[in-house]
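One structure below.
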Amino acid sequence: RAPIGRGIARIGLILSLLFGLIAVGAGYWQVVRSSELSRAPDNPLVIAAARDLVRGRILDRTGLILATSKRDANGEPYRTYADRSLAPLIGYASPVYGTAGLERAYNAELSGLGSANSLDDLLYKLAPPRRQGDDLTLSLSLKLQEAAVKALGADRGAVVMLDPRTGRVLAMASTPVFDASAIANPVTAQAAFKRTSTAAGQPFLDRATMGRYVPGSVFKIVTSVAALGSGAINASTTYSQQPAAEQTGLLVSGFRIHDSHHDFTGSLALDYDQAIEVSCNIYFALTGLRTGGAALADWADRLGFGAPIPFDLPTASSQVTNGGGSFGGGFSDAVELANAAYGQAQTLVTPLQMALVAASVANGGVLMKPELVTGIAGPNGNQTIAPQVWRTVMPPAVAGTIATAMQLAVESSWGRIFTTGAAIPGILTAGKTGTAQLGGSAEPNSWFIGYAPANDPKVAIAVIVEQGGHGSARAAPIAGSLM
């Protein structure tokens, strides 16, 4: 029979181990995960704090107020917004419907529960309650944002503009827009939310980051990165079968790919620059097959495909294929690969992704991490968010080859036929249009990606107009006017 003392010792040891485990768990959540929890939009502490204090302001790059707070008849704060063009991006903070957009992503900071100082995040529960949240400064220009929404007009679509040197977003428009101030105001919230949620065109959808579209010929720049980067082609590459295939179609495993929109090239076997200038589907179908599915998928992943893009807001993933095939890179067969290489088949992209594709070429192959919030300011300190290199996508020489072709696509006599409206008088411009076929009788989506000045890029852009027709019909003129 064991002595009583030994039993007590065992119980004491077990209790000590249990308390140790509790301490480790508490330490993990209160120290290691403290910053994450303090910023979680669904944290009850964050939600409660948002009801009691004045949220921080949101400012544009010049200091213009984009979002601020007023008080109702009961003295309780509610949110107001400078312009409807901001609504899909900034979202709303409503006492009735919670938060959305940037208001949700930075709810803790705007509510005064996040801090530029990580130590403050550990101690916020013990600190006296704050009456004012932190201010956010964005890289966005309100003037440019309003212009982008005005250019899209009554069409559904999106515009993403960013500085390729820093990754900072200059404009991120999505249409249709909605009245975020009405949703934030307790008096009008229910009617405004119902009206917006049932409206045609899904105004709550931020098409710039969450819309996934067939890219059409703008995807030829992705194929260019893969083909030139892997060494499958060079700028002098031609295909002897291409001229005849313009008339009869290119036969790939029993499927015929047609491309008859540049008859003026006649019997000329196009090189890479010329194929970009006239947007030759046959050339890029053959290039996709020569490059291979595995290489195309791999180089696309370097550009950000295949996973959400790290950004201040949630982003949908872009894809080169639905995957699951055994042909290489997840493609099912040569037919799918050939069609994907010129932006059809199962390719789907977000406007943000395609703006980054243009930016990577403009910045010599170096892709900067996209950023919207550049500063957080409050009583606990100020934080400036510096530009960050996300990844090096391609060698400078490859980027240079693609850049030359994209400039010709806008500035040359051939290129201007397909990029009408993109050229900026007195400023060299580079770009690529896309006409994304949707099947049936639906008008194609109109695309443009590019950058300017071509010899010293300061802005990269992606424009999509849903069912806007050819790329030169709507997207290219919008891009030219904004750049």
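The basis for the numbers below is simple: all heavy atoms, side chains too, and nothing from hydrogens, waters or symmetry mates.
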Next item on the list: Start with the C-alpha distance between Val366 and Trp390, add both sets of side-chain angles, then the distance that settles side chain to side chain contact (heavy atoms under 4.5 Å, CB included), and finish with yes or no.
Entry: CA-CA 8 Å; Val366 177; Trp390 183 19; over 6 Å; no
Check: Is Thr384 close to Thr374 at the side-chain level, that is, under 4.5 Å between some pair of heavy atoms?
Finding: no
Checklist line | Tyr451 and Gln407: CA distance, side-chain angles, deciding distance, side-chain hydrogen bond (donor to acceptor under 3.5 Å, both in side chains) verdict | finding: CA-CA 9 Å; Tyr451 56 88; Gln407 182 175 324; over 6 Å; no
Next item on the list: Taking Thr315 for its side chain and Ile309 for its backbone only, find out whether a donor-acceptor pair lies under 3.5 Å.
Entry: yes
Check: What distance do Arg416 atom CZ and Thr420 atom OG1 have between them, rounded to the nearest 0.5 Å?
Finding: 10.0 Å
Notebook entry, point to check: Hey, would you say the Phe219 and Tyr342 ring centroids sit under 6.0 Å apart?
Noted result: no
Next item on the list: Could you tell me whether Trp414 and Phe264 have their ring centroids closer than 6.0 angstrom?
Entry: yes
Notebook entry, point to check: Any side-chain heavy-atom pair from Leu303 and Leu356 closer than 4.5 angstrom?
Noted result: no
Item checked: CA sep, side-chain torsions, deciding dist, call: Thr350, Thr209, side chain to side chain contact (heavy atoms under 4.5 Å, CB included) -> CA-CA 6 Å; Thr350 66; Thr209 57; over 6 Å; no
Next item on the list: Examine the side chains of Asp312 and Tyr106 and answer whether a donor and an acceptor come within less than 3.5 Å of each other.
Entry: yes
Item checked: Approximate separation, where rounding is to 0.5 Å, of Leu268 CG and Glu246 CD -> 10.0 Å
Item checked: Heavy-atom pair of closest approach, residues Leu348 and Val214 -> CD2-N, 3.8 Å
Margin query: Once rounded to the nearest 0.5 Å, what's the spacing between atom CZ of Arg474 and atom CZ of Phe448?
Written below: 14.5 Å
Item checked: Working for side chain to side chain contact (heavy atoms under 4.5 Å, CB included), residues Val222 and Trp299 -> CA-CA 8 Å; Val222 178; Trp299 285 86; over 6 Å; no
Check: Any side-chain heavy atom of Asp179 sitting closer than 4.5 Å to one from Thr196?
Finding: no
Check: Which atom names give the shortest non-hydrogen contact between Gly167 and Leu162, and what distance separates them?
Finding: O-CB, 4.3 Å
Margin query: Would you say Ser217 and Ser279 are linked by a side-chain donor-acceptor pair, where the criterion is simply a distance under 3.5 Å?
Written below: yes
Item checked: Check: Arg168 side chain, Pro370 main-chain N or O, donor-acceptor pair, under 3.5 Å -> no
Check: Of the non-hydrogen atoms in Ala189 and Val96, which two are nearest, and what is the gap between them?
Finding: CB-CG2, 4.0 Å
Margin query: Given 3.5 Å as the limit, does a donor-acceptor pair link the side chain of Asp206 with the main chain of Ala208, or not?
Written below: yes
Item checked: Nearest heavy-atom neighbours spanning Leu205 and Ser174 -> O-OG, 3.3 Å
Notebook entry, point to check: Is His470 atom NE2 crowded by more than 12 heavy atoms from other residues, nucleotides or ligands, each under 6.0 Å away?
Noted result: no
Next item on the list: May I ask you to decide if Gly471's main-chain N or O and Thr435's side chain share a donor-acceptor pair within less than 3.5 Å?
Entry: yes
Check: Do Leu59 and Leu64 touch side chain to side chain, with heavy atoms closer than 4.5 Å?
Finding: no
Notebook entry, point to check: Can you find a heavy atom in the side chain of Met354 that is under 4.5 Å from one in the side chain of Trp447?
Noted result: yes
Next item on the list: Say whether Ser412 and Glu277, considering side chains only, have a donor N or O and an acceptor N or O under 3.5 Å apart.
Entry: yes
Next item on the list: Scan side-chain atoms only and decide if Glu336 and Thr321 contain a donor-acceptor pair under the 3.5 Å cut-off.
Entry: yes
Next item on the list: Give a yes or no on whether the backbone of Ser236 and the side-chain of Asn234 come within a donor-acceptor separation of less than 3.5 Å.
Entry: yes
Check: Between Phe284 and Tyr272, what is the ring plane arrangement, given parallel below 30°, perpendicular above 60°, and tilted in between?
Finding: perpendicular
Note to self: If we ignore hydrogens and angles and just use 3.5 Å, is the side chain of Glu146 paired with the main-chain N or O of Asp83 as donor and acceptor?
What the structure shows: no
Notebook entry, point to check: Looking at OG1 of Thr175 and CZ of Arg156, how far apart are the two atoms once the value is rounded to the nearest 0.5 Å?
Noted result: 9.5 Å
Margin query: Tell me the closest heavy-atom pair linking Val320 and Ala300, and the distance in Å.
Written below: CG1-CB, 3.5 Å
Item checked: Under 3.5 Å donor-acceptor, Asn445 side chain and Gln467 backbone -> yes
Check: Hey, which of Leu140, Leu102, Leu89 is the one that makes side-chain contact (heavy atoms from CB on, under 4.5 Å) with Leu66?
Finding: Leu140
Item checked: Glu466 side chain to Tyr213 side chain, donor-acceptor N/O pair below 3.5 angstrom -> yes
Check: So, Thr238 side chain and Ala269 main chain: donor-acceptor pair closer than 3.5 Å or not?
Finding: no
Checklist line | Side-chain touch Leu138/Ile58, heavy atoms, less than 4.5 angstrom | finding: yes
Item checked: Ring centre gap for Phe204 and Phe178 strictly below 6.0 Å -> yes
Check: Counting N and O atoms only, with roles assigned by atom type, does the side chain of Ser446 sit under 3.5 Å from a partner on the main chain of Ala475, one being a donor and the other an acceptor?
Finding: yes
Margin query: Within this structure, what is the CD-CZ distance for the pair Gln319 and Phe305, rounded to the nearest 0.5 Å?
Written below: 9.5 Å
Check: Salt-bridged, Asp163 to Lys458, with N to O below 4.0 Å?
Finding: no
Notebook entry, point to check: Got a second to check how far Met172's CE is from Leu313's CG, nearest 0.5 Å?
Noted result: 7.0 Å
Checklist line | Derivation of the side chain to side chain contact (heavy atoms under 4.5 Å, CB included) call for Ile233 and Tyr283 | finding: CA-CA 11 Å; Ile233 68 167; Tyr283 185 97; 4.1 Å; yes
Check: Does Asn339 reach the main-chain N or O of Val335 with its side chain, forming a donor-acceptor pair under 3.5 Å?
Finding: yes
Notebook entry, point to check: With a cut-off of 6.0 Å (strictly less than), are more than 12 heavy atoms of other residues, nucleotides or ligands near CD of Gln202?
Noted result: no
Note to self: Do Asp259 and Cys280 have side chains that approach each other closer than 4.5 Å (heavy atoms only, starting at C-beta)?
What the structure shows: yes
Margin query: If you count heavy atoms of other groups shown closer than 6.0 angstrom to CD of Gln437, is the number above 12?
Written below: yes
Check: Does any non-hydrogen side-chain atom of Thr419 lie less than 4.5 Å from one of Ser472?
Finding: no
Check: Do you know the tightest heavy-atom contact between Pro88 and Ser85?
Finding: CD-O, 4.0 Å
